[in-house]
Participant: 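Sharing a structure below in structure tokens format, with a few things to ask.
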Number of protein chains: 2
Amino acid sequence: MTEKTSTLQDVARIAGVSTATVSRALSYPGMVSESTRDRVAKAVQASGYRINRTARNLRTQRAHSVLVMLPDLGNPFFSTILEGISRSLSNKGYSMLIASTHQVHATGERLVDYLDDARADGMIILDGGLTADTVRSLEKPPHAQRILFACEWIDDMDFPSVRSENRRGTSTAVRHLHSLGHRKIGHVTGPQDNVLTHARREAFEAEVKSLELPLPPEWIIQGDFTLTAGGLAAKTWLALDDRPTAVFCASDLLAFGFISELSRHNIKVPDDVSVMGFDDIGLAEQFIPPLTTMRQDRLRVGETAANMLLNRLEGNKDESDEHMHVVPVSLIVRDSTAAPP
Amino acid sequence: MTEKTSTLQDVARIAGVSTATVSRALSYPGMVSESTRDRVAKAVQASGYRINRTARNLRTQRAHSVLVMLPDLGNPFFSTILEGISRSLSNKGYSMLIASTHQVHATGERLVDYLDDARADGMIILDGGLTADTVRSLEKPPHAQRILFACEWIDDMDFPSVRSENRRGTSTAVRHLHSLGHRKIGHVTGPQDNVLTHARREAFEAEVKSLELPLPPEWIIQGDFTLTAGGLAAKTWLALDDRPTAVFCASDLLAFGFISELSRHNIKVPDDVSVMGFDDIGLAEQFIPPLTTMRQDRLRVGETAANMLLNRLEGNKDESDEHMHVVPVSLIVRDSTAAPP
DNA sequence: CATTTCTATGCAATCGATTACATTATATGA
DNA sequence: TCATATAATGTAATCGATTGCATAGAAATG
């Protein structure tokens, strides 16, 4: 019935040493003699001592936790990234706090509060669409050093970041379609004002241009990363006089929605049109048809993000101190792409 | 350039009162006179004071945070529940810590450490499959009061819990199929040794029995909540001599996998066989065909879980103090079920 | 007017760790 | 052998809030 957990004092008393010695025995074993090390170890064992992290945090002025900020917790795209972040953090004894942008907004909290009130040492932001106000408060010196963007980022600001190879991924996708024989390639974009949308769209246009393919403006269809938008895009595609024979979607969900809607109209993928996604989420492999897509290594994005942030927080300049880390993407060819009809 | 955030002392100095008064002005405004309340408010404003939660937590012996324990962060099923939990917590000024069972296991941490080392005041566990060791450490008095299970639970133990109506949901599903005219109904289960698997399977058998339908053992196919298992189950179904005309799957993912595999074999849903899921995850509506399923209100499960736990932690006996809260599920009829061929 | 109650505030201890500095014991070197 | 460097430990301040107790002044009571 250990009603109250025991403290350093208890351990010190049992071991017959001072609290300072116990603290050192635990944190810097090399600083104490072997015999006291043993005695302390036994005392810890006997008392079931667990360090009180709150006390440690207060004294050391660290929270030993990192806040992860997402646009929307309900979106499954982020869960694997979280898994990666969580792994790296817990390896180094950090806890992971989670909050969502629109929730913070709703409760009137400011994002920097997490830093200012010592709840978190740093934060990983997965949302490039922060309000201008928020961004302004983040740029200021005491905060800027503690922030890292992952997946998304903010143009014209140089917060450190981890991202996938959006440009190379996009051009790889276009070249894949081209190599299958497609000469009329369309694109369904992400939401307006999103950095990923821009990056992929620009890369798409550049690659199409360099392959000297035609690109009438109506072959670029505005979407927003969701299933629903994919369905709408399919309707737009159906209404075209001159339809692309292949479509590169900016996300897998878009591609799913696109294909689903087409199948309602009895149009077959890949027989009638080839469709590609971006992300390689879990369902892509099981979808009908299994989806050709660009795989983002979300686990690695997460792990890298956490490691980079921790290195900065702990001032490990030695570790390869990049400002922007780009994680490779890879082409996963499945059955949703084929030669044009 | 607020290099260092200011403390209570700073505010006290500016306002010309003691730190005790400042603390009271902020926490119990009614205890101080109006004039000091104003002076303190101005001083807070002027200094940009933010409370240091670590210090407060140490003094008050609370962490003001709750740990949420999931089996696997990568599983999108949980994200909406997290959203719900997070909402309730942040409304009451708590932070949400996240960890996954298999990760805690991997790092050699014990689950109770989070409680013992004062990182969290309580925890919400979404994983009924904890190791016996873990459970044993959780039952002990100082911990048991701080734990709540959501979605899943552990049989024969009476931790407080929030769950969906698994039994009623299952019998509703079976009756839906029955009312369409099906008399041969099969079931694809969740993973072995899972409480939800048992609850739904038992309810399934009971309902089938009460409707006096046949149920040869091979109509119950072992699965595990995943897409892949759904595909395998479809193969099993295909190999049956006498096939059920309707199949109730224990999760939506199972149903997706099941339907996908069937369509590879040119078997149409719902024309050739009706298929139901359980959960109503985001994709269910967009799937082809849109999936008939039992909707779990995951947001509400999450919110309720957080509220119940907080009430217990804060000792609000007054609030309707149930031990087990059951959240209703609802039948969502879409296009994957129809009359038997 | 004297006494009691109430209100608003201050003083200082406290939560449980870490760590600068002081101190003692031991080893090293001349 | 004595001075000095080194190793091991202890003492006590510290992090930044909260809160029990004490107190001064105002208000209420007789």
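Computed from heavy atoms alone, side chains included, the values below leave out hydrogens, waters and symmetry copies. What you are looking at is a predicted structure, and each value in this text was computed from that prediction instead of being measured.
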Participant: Are the side chain of Asn307(A) and the backbone of Thr304(A) linked by a donor-acceptor contact shorter than 3.5 Å?
Facilitator: no

Participant: Round to the nearest Å and state the distance from Leu8(A) atom CG to dA17(C) atom P.
Facilitator: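 One finds 4 Å between P of dA17(C) and CG of Leu8(A), rounded.
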
Participant: Enumerate donor-acceptor pairs with a distance under 3.5 Å from any side-chain N or O in residues 39-46 of chain A to protein atoms, sequence neighbours excluded.
Facilitator:
{"unit_1": "Arg39(A)", "atom_1": "NE", "unit_2": "Ala15(A)", "atom_2": "O", "d": "3.2"}
{"unit_1": "Arg39(A)", "atom_1": "NH2", "unit_2": "Ala15(A)", "atom_2": "O", "d": "3.1"}

Participant: Just jot down the ring-ring contact (aromatic ring centres under 6.0 Å, His included) partners of Phe149(B), sequence neighbours excluded, or say none.
Facilitator: Phe159(B)

Participant: NE2 of His64(A) versus C1' of dA17(C): gap in Å, rounded?
Facilitator: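 Taking NE2 of His64(A) and C1' of dA17(C), I get 11 Å after rounding.
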
Participant: Find the distance Ile51(A):CD1 to dT19(C):P and express it as a whole number of Å.
Facilitator: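 Roughly 10 Å, once rounded to whole Å.
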
Participant: Nearest-Å distance, CG (Leu58(B)) to P (dT14(D))?
Facilitator: 17 Å

Participant: Between atom CG in Asn52(B) and atom C1' in dT14(D), what is the gap in whole Å?
Facilitator: 13 Å

Participant: Heavy atoms within less than 4.0 Å of DNA chain C: which residues of residues 31-46 of chain B have one? Give them sorted by number.
Facilitator: Val32(B), Ser33(B), Thr36(B)

Participant: Could you tell me how far apart Arg62(B) (CZ) and dA17(D) (P) are, to the nearest whole angstrom?
Facilitator: 19 Å

Participant: With sequence neighbours excluded, give me every ring-ring contact (aromatic ring centres under 6.0 Å, His included) pair touching residues 121-145 of chain A.
Facilitator: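 Every candidate ring-ring contact (aromatic ring centres under 6.0 Å, His included) pair involving residues 121-145 of chain A fails, so no pair, neighbours aside, qualifies.
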
Participant: Going by heavy atoms closer than 4.0 Å, what residues in residues 17-27 of chain B are next to DNA chain C?
Facilitator: Val17(B), Ser18(B), Ala20(B), Thr21(B), Arg24(B)

Participant: So, Asn57(A) and Thr54(B): side-chain donor and acceptor under 3.5 Å apart, yes or no?
Facilitator: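 Note: Asn57(A) and Thr54(B) side chains miss the donor-acceptor criterion.
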
Participant: Looking at Arg53(B) and Asp117(A), does any basic side-chain N land under 4.0 Å from a carboxylate oxygen?
Facilitator: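 The answer is yes: the pair qualifies as a salt bridge.
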
Participant: Whole Å only: how far is the CZ atom of Arg59(A) from the C1' atom of dA17(D)?
Facilitator: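 Going from CZ in Arg59(A) over to C1' in dA17(D) covers 16 Å.
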
Participant: Quick one: on DNA chain D, does Ala55(A) or Arg56(B) contact a more 5' nucleotide (nearest heavy atom)?
Facilitator: Ala55(A)

Participant: Looking at Tyr28(B), does any N or O in its side chain come under 4.0 Å of the phosphate oxygens OP1/OP2 on dT19(D)?
Facilitator: yes

Participant: Would you say dT14(C) has OP1 or OP2 under 4.0 Å from some side-chain N or O of Gln61(B)?
Facilitator: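 For dT14(C), OP1/OP2 do not have a side-chain N/O of Gln61(B) under 4.0 Å.
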
Participant: Scan for ring-ring contact (aromatic ring centres under 6.0 Å, His included) pairs involving residues 42-68 of chain A, sequence neighbours excluded, and state none if there are none.
Facilitator: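 Listed by first then second residue: His64(A)-Tyr94(A).
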
Participant: Starting from the C-alpha separation in whole Å, work towards a yes-or-no answer on side-chain hydrogen bond (donor to acceptor under 3.5 Å, both in side chains) for Asp127(B) and Thr101(B).
Facilitator: CA-CA 8 Å; Asp127(B) 182 357; Thr101(B) 318; 2.8 Å; yes

Participant: Let me know the distance between CD of Gln9(B) and P of dA12(C), rounded to the nearest Å.
Facilitator: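 It is 13 Å, rounded to the nearest whole Å.
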
Participant: Give me the atom names and distance for the closest heavy-atom approach of Arg37(B) to Pro29(B).
Facilitator: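 Arg37(B) and Pro29(B) have their closest heavy atoms at NH1-O, 2.8 Å.
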
